[in-house]
Structures are given as C-alpha cells and as structure tokens.
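See structure below.
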Amino acid sequence: MGEIGFLDDHRTWVLTNDSTTYALRLDEDDVPAHVYWGPKLRTEDIPQLLEKPLPWWDGFNDPNEGLDELAADGGTKYWTPALQIRFADGTRALEWRYRNHEIHQDHLRIHFEDRHYPLRITLHYRLKSEVLERWTELTADTEVDVTRADSATWVLPIRDDYRLSHVTGRWAAETQLRRTPAPHGETTFASRRGITGHHANPWIMVDDGTATERHGEVYGVALAWSGSWRLTATRSSTQRLTISGGFGQDGVTQRVGPGNPLTTPVIAGLYTNGGFGTASRAWHTYVREHVLPHPRELRPVLYNSWEATGFDVDEVNQRTLADHAATLGVELFVVDDGWFGARTGDHAGLGDWHVNRDRFPGGLKPLVDAVHALGMKFGIWVEPEMVNPDSDLYRAHPDWVLHHPHRRRSELRNQLVLNFARPDVEAWAHDWLDRLVGDHGVDFLKWDMNRPFSEAGWPGDADPDRLWVEHTRAVYALIDRLRQDHPSLRIEACSGGGGRIDLGVLARADQVWTSDNTDALDRLRIQHGYGQLYPARAMSAWVTDNPNFVTGRSVPLRFRFHVAMAGVLGVGGDIAHWPGDDLALARELIALYKDIRPVVQHGALYRLRPPADDGVTALQYVHEDRTVVFAYRQAAHFNAPERPLRLDGLDPADRYVDSDAGTTHSGAVLLARGLPLGLPTGDFASVVLRLRRKI
Ligand code: GLA
C-alpha cells in the first residue's frame, strides 16, 4: 500500500510505496521542485535531501534548472518546456503561486495559480502498485492558449551515465527493442500521426548503462494516450536527465478557458531495482491490476478469418471456417474485413456499415447464431474512424473527414479519416455500433484504424486544432459507452497491427493486435519488445499459414503454435484446407494452451534468453504453484551442445514436478544449474515444459 505525507515546515510531499519513495517540494518562489525518486527512504530521511545548493556565480544558468516537476516556460527557465502558455495580452511566462493541496488515500492533488492571471494548475500524483501516475489539469477564467501541456516532467537522479531503452518499428515490424546511450541534448520520441504509431511507442526506460535483465536500477515512464504524443529525454552538461512527456501535436495550440478545462492523460513512472526483467514484471502487474478493464478474465482462444479469406468473406466460407474452428477448441470466432457495404477490396465501402446481402443473404444473424450454437463467441471487425471516398457515407458527408480548404485530401490505403471530434460523427458511429452489437449479439469487436491523420483541419469550427485531442477522446468515450451499455462486449484494439498499443487504449481494450506480421521468428522479436512494458494477457498472437505472407518463410506448425502460445493464442490460417495431421496437432496444442493459459496470461514473465542470443530463445511464466517454460531454437549450427536453461522466479527450497515427463527437479538445481531442455535436433525446434511445485 502506498502512503502520502506532507512535511509542513519543509513544504515537501513524500509519496512511498513498497519499494520506492518520491518527494517534491515548493521552492522559495512556490515553484514545484523535484527532491527525490528512487529506493524507499524513511520520511525522517527526507529533510537531509533538502540542503541548500552551493553558492552560485554563473550568470547564464539557473542553479535549479532541470529540477521542475512541470518545467513551465518563463523567466530564466530554459529547460525543455513541459508547459507553454500565452495569455490574451501576449504574456507568456507562468509564475506559480501555491494555493493548497488535498490528499485522498493514494491521490495527491497540489493546487496552484498564476500570480496575476486567472489560470489554475493542479498537479496530480496517484500511487498504483509500484507505479506513480501523474497528470496535469489547467482551468482558466479567461482564454489562454496552451502550446504545450505535458502530463509531467520526470527528474532522474544524477548517475555517472544514462542509457535509454525504447522501441522503434513500422508496419509488420513493430516494437523492436533498442538500447542506446542517452545523447547530450534533447532526444525526442514522438508520434505526429494522430495515432500512437508503429514507429515508436510512448514509453522510455532509463538506466545508467549497467543494468541487465536481472540486475540494476531501471527507471521508466509511459504515457496513456492513443493520439499524437511526445516524450523528450533531456540530458544536460550538469549530468542531469529529465523526461518530459505528454499528448499534443507540434505547432498545434489548445485553448483553455471558461467551461473548457484541459486535463492531460496520465503518465506513469516506475522505479525498480532488479534489472529490466523486474521492471517489465512491475509494469505488467500495473497494467493487469490497474489498467485493463477485466484483469481477472482469461482471454479466449480466437479464430480470425483475415488471412484465410481476406476480403472474400461470405456466410458459406465463414460457416465452414467456424465449423473447423469449433472442432479445434476455438472459443471466439471473428469475421474480419469485407462483410459490409461494397467492401470487396480496400478501395470501396468503408463507412457503409450495413451487411452485404450478396455475401450474407439473411444478414449476419444466421452466422452469429451458428457460431453461438457451436459454443463459440462471435466477434467482428470494424474500422469506425475511417471512410473510403468511394462510399455512400462519403458521398453524403464529404465534410465529415479531416480536411483543409484548398488542400488535397491525401489518401492512404484508399481511405480518409473521419473527424470524431464532430459530435454528429460520433453520434453516427455510436448509432451503428450500438445496433451492430445489440441487434446481433456481437461479443467482440476488433476495432481497427488503418491510417494516420493528414490535412487535419475542420473548416467552420472556431477552434479546429482541438480535433487532435478530441478525436482520441471521442474514440475513448465511444468505446466506454459501448462497453457500459453492453457489459459482456470485449474489444481488441488494432491499427494495421500494433499501431495503437498504449496504456490509454489498454484501459478500454481487452487485448491488442500485436502485429500483422505473424511470422514466428519475427514474432519472437516483436513480442520481446512488446513485453518490455505490456503483459502477455493482452498480446494477441495468431498461428497462420505457410509461407508467411510478410516474410515468405515456412515454419513448422508446432513452432508457430509455441510462439503464439506465449501470448493470447489465436488461429488465423485457412483451417478449412489444413491437412488432418495439422488439425490434430492444432487440437492438441490448443488443449495444451488452455491448460497453461492462466500461467501465461496471469503469470510473471522471465525472459531467460532473448531472441538472437545463440539461437535459442527462452521464456518462463510463473503463476502460483505453476511454471511454464517456452524454448525455441531458430536454427541449428555446428554440433553445439545444449546448455541447460537456468530458470528464475522459483523457490530454491521447493521441488518441481515436470507434468509431462513426471520427473522431479529441485528448485535450487533449476535455478543454479538449469533445466535440460531436450530440444529435438534441427531448425525450428521448440518445447513447452510445464512444472508444478510439489506439495
Ligand atoms: C488491418 C489489420 C488486419 C486486418 C486488415 C483488414 O491491416 O491489421 O489484421 O484486419 O486491416 O483490412
């Protein structure tokens, strides 16, 4: 449990959870200044951290630079600005004045105002497990232009060196983990696309360059937002490093005024001592316990028709696939794109959300009923934020898309973005989605978003720039409303694969489509990067056909399954044409997955060997008295002897029984010497081992 205290005589707040202390204070000018973030301290230790800095003789720099809790532009503050405002008379600087604070259980609010102008600022701090959530709220009695409103500035302790961990990517190559020395100056990770993006993801971890998977201090921050964002790591010659982060679009101003407050998304921060493995497990716990809508649920085994039937879906082929899926043990059958309007390819029909009667003569209901009768839940693909210009919707409402006067409307994948900030567009989307779900008994939506923003204008609106934020807020509100009105509805977030994975969407999606790339080897790397922050419980992973449509590679079915079984297992191949042997193996492996599912989806992840390390990648999940080990040899080389795999997260004093071989292992030996893997020879060899603690 967390604790928040206030040291009155020091004007200092101290927030403590099980392993971490965070402290901030008011400086002599009432500016909120950072004091400490790191290993847990006793409250009585905090005053020692408040010693006055040495006398200062440098006329060019502020001795306190880089210490602000929300680095506001103004005065002699030249740090990367986290808050930039302009009042109606042109004044830009903010002068902080402390008003008061409130502490309610795990939540601290510190209220400030400007010394002259009617602008109020509240800094929020909320403890959740090992994570500290922060965000900012602005309210004003007269109009104020806000060019930047970050959620928070995070000040890291002085270290000898700094290294940044983050992910980069693109379509079909998401979440590639990078570790790089932190450059001096400002390093910005951002999306200017109106979506979270494939090319970066809104989190950064920082260590001093010496942390490993199992050792060392790791700091991390992650933003809960699915639109444009920015995280800037600033490293100064004073050896200080800060990270400032928030939503927003370069060059776009937000207005705050009467009846129009601004609340930033949450930015979450985490300190751990135990290497990147401990950091990831703490993030996973946070996401499972405090972010996901139904954390205790087990995600079902899904079938999705996209790679099997593409745009050529119809009642007959979907029923055939559903029949096969049911015999395999699939629990949720999802019809992908192509079921509506004139959507027989990606050139037309998007936006016309009525069932294509040529393909489904009796509407969707007969298929939904058939799927339900087979004992599976029914899911369907939607892309509510988009329209093909060749659609009835666009012909009727060409003004509903993001556009600027006198500018082309740039198409990507033959589609344009609907402006969800418009109340009429949001109402339209709610109407058809509500009917689609309610009338057909839809259990699951795959909510896709297949292109970034462009020409993001809103002609006729007095403040068109607000669409950058309000589009995302409207999507959130719509999903929240659908979920509230249809409590059993579950949602998968997708954006051309993993273009919309973040803590914001995970608060309202049950899982995310990790990547359109389902090649098992590429997936090992994509899943490795995904899992740095996000848990297996939300990581959708399908087994698809050979050769893979992205890489052209063929991989044995068992290996493909074993890779997908490390997340939320799904099948996406053309199972109506799988040979009997493959169907039998799939049935067996789906049954195995159902057995290990609680361990994978709710367990603690130990990355025993990362992809690319000597050709054998290995993961382990530990949950209650069970542990599951996945090991994958990508390619065999020479006559390399197999190394035992040292496990983690076990009790050395306990004994563990291999549920398949029946052998018993001492925990101490599994930790110290390791488990002989017994991988078959050859390329693409993989095993799943199940161990249970002996009582
Ligand atoms: C995106 C998704 C795919 C599929 C197609 C349908 O690319 O990532 O899984 O749903 O759209 O058009």
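In each ligand, atom 1 is the first atom listed, and ligand 1 is the first ligand listed. Residues: numbered from 1 along the sequence shown.
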Query raised in the report: Taking atom types as modelled and ignoring hydrogens, do the side chains of Gln532 and Trp283 form a donor-acceptor contact shorter than 3.5 angstrom?
Result: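 Judged by distance alone, the side chains do not pair up.
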Requested in this report: Would you list the pairs meeting ring pair (Phe, Tyr, Trp, His ring centres under 6.0 Å) in which at least one residue belongs to residues 481-520, sequence neighbours left out?
Outcome: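 Non-adjacent pairs meeting ring pair (Phe, Tyr, Trp, His ring centres under 6.0 Å): Trp513-Trp542.
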**Report entry** Salt bridge flag under 4.0 Å for residues Asp519 and Arg560
**Finding:**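 Salt bridge flag = no for Arg560 with Asp519.
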Query - Lys/Arg N to Asp/Glu carboxylate O, Glu426 vs Arg481, below 4.0 Å - result: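 Looking at Arg481 together with Glu426, the answer is no, because their closest N to O distance does not fall below 4.0 Å.
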Requested in this report: Collect the protein residues that have a non-hydrogen atom under 4.0 Å from ligand 1 and hand them over in chain and number order.
Outcome: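 Contacts of ligand 1 under 4.0 Å: Trp306, Asp336, Asp337, Trp381, Arg413, Lys446, Asp448, Asn450, Cys494, Gly496, Gly497, Trp513, Asp516.
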Report task. Would you indicate whether the side-chain heavy atoms of His471 and Glu385 approach each other to under 4.5 Å? Result ->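 Glu385 vs His471: side chains touch.
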Query - Validation row, ring centre Trp468 to ring centre Phe453 under 6.0 Å - result: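 Yes; Phe453 has its ring centre under 6.0 Å from that of Trp468.
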